[in-house]
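Notes follow once the structure below has been shown.
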Amino acid sequence: MTLADLKPGFADAVFEAQAGFRALLDAFAYAGRITTVDLNLDPPAPLDVAMAAVALTLFDFDTPVWLEPAVAAGSVAGWIRFHSGSAIVAAAGEAQFAVVCDAAAMPALTGFSVGEDRYPDRSATLVIQVPSLTDGPVTRWTGPGIDGSIEVAIAGLPDDFWAQWDDNHALYPLGIDVIFACGREVIGLPRGIKVEV
Amino acid sequence: MSAVQEARWDEAYNFAYLDEQTKRMIRRSILKAIAVPGYQVPFGGREMPLAYGWGTGGIQVTASVIGPDDTLKVIDQGADDTTNAVSIRRFFSRVAGVETTEATEEADIIQTRHRIPEAPLREGQVLVYQVPQPEPLRSLEPRETETRKMHGYAEYGLMHVRLYEDIARYGHIATTYSYPVMVNGRYLMSPSPIPKFDNPKMQGNPAIQLFGAGREKRIYAIPPYTSVKSLDFDDHPFEPQTWDESCALCGADNSYLDEVVLDDHGGKMFVCSDTHFCEDRRAKGHRGELGADPAALAFARTADEGEAQ
């Protein structure tokens with residue numbers, strides 16, 4: 001990759017990272033709600049703006065990142081290394097963040113770190129880019145951050161994703177956390193959320 | 001938002017004082033804290049330009065969350081005009097150039113020491129607590145390695161024994177502040193030294209509640225609409241404080257009251273601890289028994305007497 005191929009990061013790192021974080025804070029706190037990431041970015045393919053904003057907001061030299069093989073082969077790895085300084089790791093279990101753009105072909109959730117009994121915060125956060133946050137099969141979410149229940153319809157996930165999520169939720173307070181990204185929008189799915197298909 | 005903000009803060013500092021790497025680290029900790037409600041996430045707490053015990057944890061959390069368009073309210077024991085609140089508000093006016101307010105309803109972020117405002121919070125608001133000791137079990141078990149295990153295995157019998165000993169000795173649970181709560185049915189959590197009067201407000205609150213402990217370097221959180229249950233027993237249910245008196249200034253009978261000694265003959269009055277709540281009620285015409293008394297009013301700050309910046 002040459003410098004000419006390198007896509008830009010944040011134009012204004014301080015305020016765009018703050019705006020990106022507030023969107024993620026709302027998405028995580030009000031799980032299941034669609035939250036807009038109001039930023040103008042020019043990320044490398046195949047990253048959407050929301051996915052790129054998560055990377056630029058949260059990744060740095062403290063956070064090993066796992067990239068889905070198809071993404072790792074492209075220019076994204078160089079873009080993350082340049083802007084975030086993150087180590088790109090080949091073993092999913094070592095990653096603090098995982099970037100998945102082809103959701104249908106994503107690996108099993110069990111490959112990622114779920115944290116430790118005494119330190120459940122040491123678990124992976126998966127950022128999964130999906131084709132739509134509204135056109136998929138309807139699921140019913142309940143748990144912390146949700147007033148009663150909320151219906152969420154995320155498209156493009158593997159058929160057994162929600163069965164895997166049940167297993168992940170059963171590990172609570174251990175478990176991975178997920179951010180779904182599409183275009184400029186995100187939905188947070190922390191481990192404490194129970195999902196009924 | 002525009003790509004480049006015009007600086008309204010003291011540019012000798014990065015926006016909101018902390019460097020960007022520190023903010024990222026704290027932001028990641030906050031997200032994990034929200035994912036595991038009530039669990040204490042260790043973080044790399046920084047030296048702040050004020051002493052431990054003055055809200056360094058809360059300030060670091062606020063600094064990592066706040067943006068240039070946010071409005072900040074800071075309270076200390078319910079009051080907007082006490083030393084800690086004034087100095088933290090000035091700090092953020094200087095290093096972040098943000099608007100500040102005393103009105104609970106107008107604030108996007110409320111940093112608090114030892115109270116939850118009386119006015120109900122709304123969705124999207126962030127309540128940041130300053131926490132001196134995040135570990136509810138610390139007075140019972142001094143070793144961090146052991147309390148970590150107790151949380152890991154949800155081994156909380158010791159706390160129930162402590163509350164039971166209160167009942168055995170005094171006939172009721174004598175803990176009145178920092179009253180332990182169970183969050184989302186899993187983690188025992190210290191609500192920080194808020195009076196137990198405020199505990200019920202944490203339950204199912206629509207706002208985001210974040211807790212920062214600077215000296216102990218821990219962050220924890222309660223997401224909106226989360227179960228927060230004060231520990232109790234079936235035959236000794238949790239009961240918040242109540243008063244026979246009402247606020248001497250505004251007449252409120254549903255707020256947390258402070259006792260104020262008036263003279264050396266045993267005279268005293270009770271006033272709202274939440275100064276904005278009390279002022280707001282007086283502005284709407286509510287009067288307590290001393291509401292028209294000039295001496296009492298001299299104690300209460302009048303609404304138009306703003307703080308000198």
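None of the values given here were measured: they were computed from a predicted structure. Note that these values count all heavy atoms, side chains included, but never hydrogens, waters or copies made by symmetry. Numbered from 1 within each chain, the chains take letters A, B, ... in sequence-line order.
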With sequence neighbours excluded, residues passing ring pair (Phe, Tyr, Trp, His ring centres under 6.0 Å) with B/F211:
B/Y129, B/Y220
How close do B/P42 and A/Y119 get, counting heavy atoms only, and between which atoms?
CG-CE2, 3.9 Å
Output the option from B/I66, B/N14, B/L210, B/I30 having the highest count of non-hydrogen pairs under 4.5 Å with chain A.
B/I66
With salt bridge (charged side-chain N to carboxylate O under 4.0 Å, His left out) as the test, would you mind laying out the steps for A/R22 and B/D70 before giving the verdict?
CA-CA 11 Å; A/R22 280 299 274 278; B/D70 285 322; 2.7 Å; yes
Shortest non-hydrogen contact from B/A207 to A/Y30?
CA-OH, 4.0 Å
Residues which pass side-chain hydrogen bond (donor to acceptor under 3.5 Å, both in side chains) with B/E135, listed by chain and number, not counting sequence neighbours
B/Q40, B/H151
Counting heavy-atom pairs under 4.5 Å to chain B, which of A/T63, A/D117, A/D60, A/L58 comes out on top?
A/D60
For the CD atom on B/E155, are there more than 12 heavy atoms of other groups (residues, nucleotides or ligands in this structure) within a distance under 6.0 Å?
no
For B/K23 against A/V14, the heavy-atom pair lying closest together
NZ-CG1, 4.1 Å
Identify which of B/V183, B/V41, B/N184 forms the greatest number of heavy-atom pairs closer than 4.5 Å to chain A.
B/N184
Give the member of A/D62, A/D26, A/I193 that has the highest number of heavy-atom pairs under 4.5 Å with chain B.
A/D62
Does any non-hydrogen side-chain atom of B/K32 lie less than 4.5 Å from one of A/T125?
yes
So, the side chain of A/R118 versus the backbone of B/R148: is there a donor-acceptor pair under 3.5 Å, distance only?
no
Based on non-hydrogen pairs under 4.5 Å, which of A/L174, A/D121, A/L189, A/I146 is most in contact with chain B?
A/D121
Less than 4.5 Å to any heavy atom of chain A: does that hold for the side chain of B/S29, its backbone, both, or neither?
neither
Heavy-atom side-chain contact between A/P173 and B/Y39 under 4.5 Å
no
Please examine the side chains of A/D147 and B/E123, heavy atoms only from C-beta on, and report whether any two atoms are closer than 4.5 Å.
no
Per-residue contact mode, A/F28 against chain B (heavy atom under 4.5 angstrom)
both
Should we count CD of B/E99 as having more than 12 external heavy atoms under 6.0 Å?
no
Where does A/E116 contact chain B at under 4.5 Å (heavy atoms): side chain, backbone, both or neither?
neither
What closest approach, in Å, do B/A35 and A/D177 show between heavy atoms, and which atom pair accounts for it?
CB-OD1, 3.4 Å
Test of ring centre spacing under 6.0 Å for A/F15 and B/W9
yes
Would you indicate whether the side-chain heavy atoms of B/R24 and A/F21 approach each other to under 4.5 Å?
no
Tightest non-hydrogen contact, residues A/L25 and B/L31, listed as CA-CD2, 4.0 Å
For the backbone of B/V65 and the side chain of A/Q18, can you confirm whether one donor and one acceptor N or O come within less than 3.5 Å of each other?
yes
Evaluate whether atom CZ of B/R94 has more than 12 neighbouring non-hydrogen atoms of other residues, nucleotides or ligands under 6.0 angstrom away.
no
Mark yes when over 12 heavy atoms from residues, nucleotides or ligands other than A/D42 sit less than 6.0 Å from its CG; otherwise mark no.
yes
Which pair of non-hydrogen atoms, one from B/E20 and one from A/A13, has the smallest distance, and what is that distance?
OE1-O, 4.1 Å
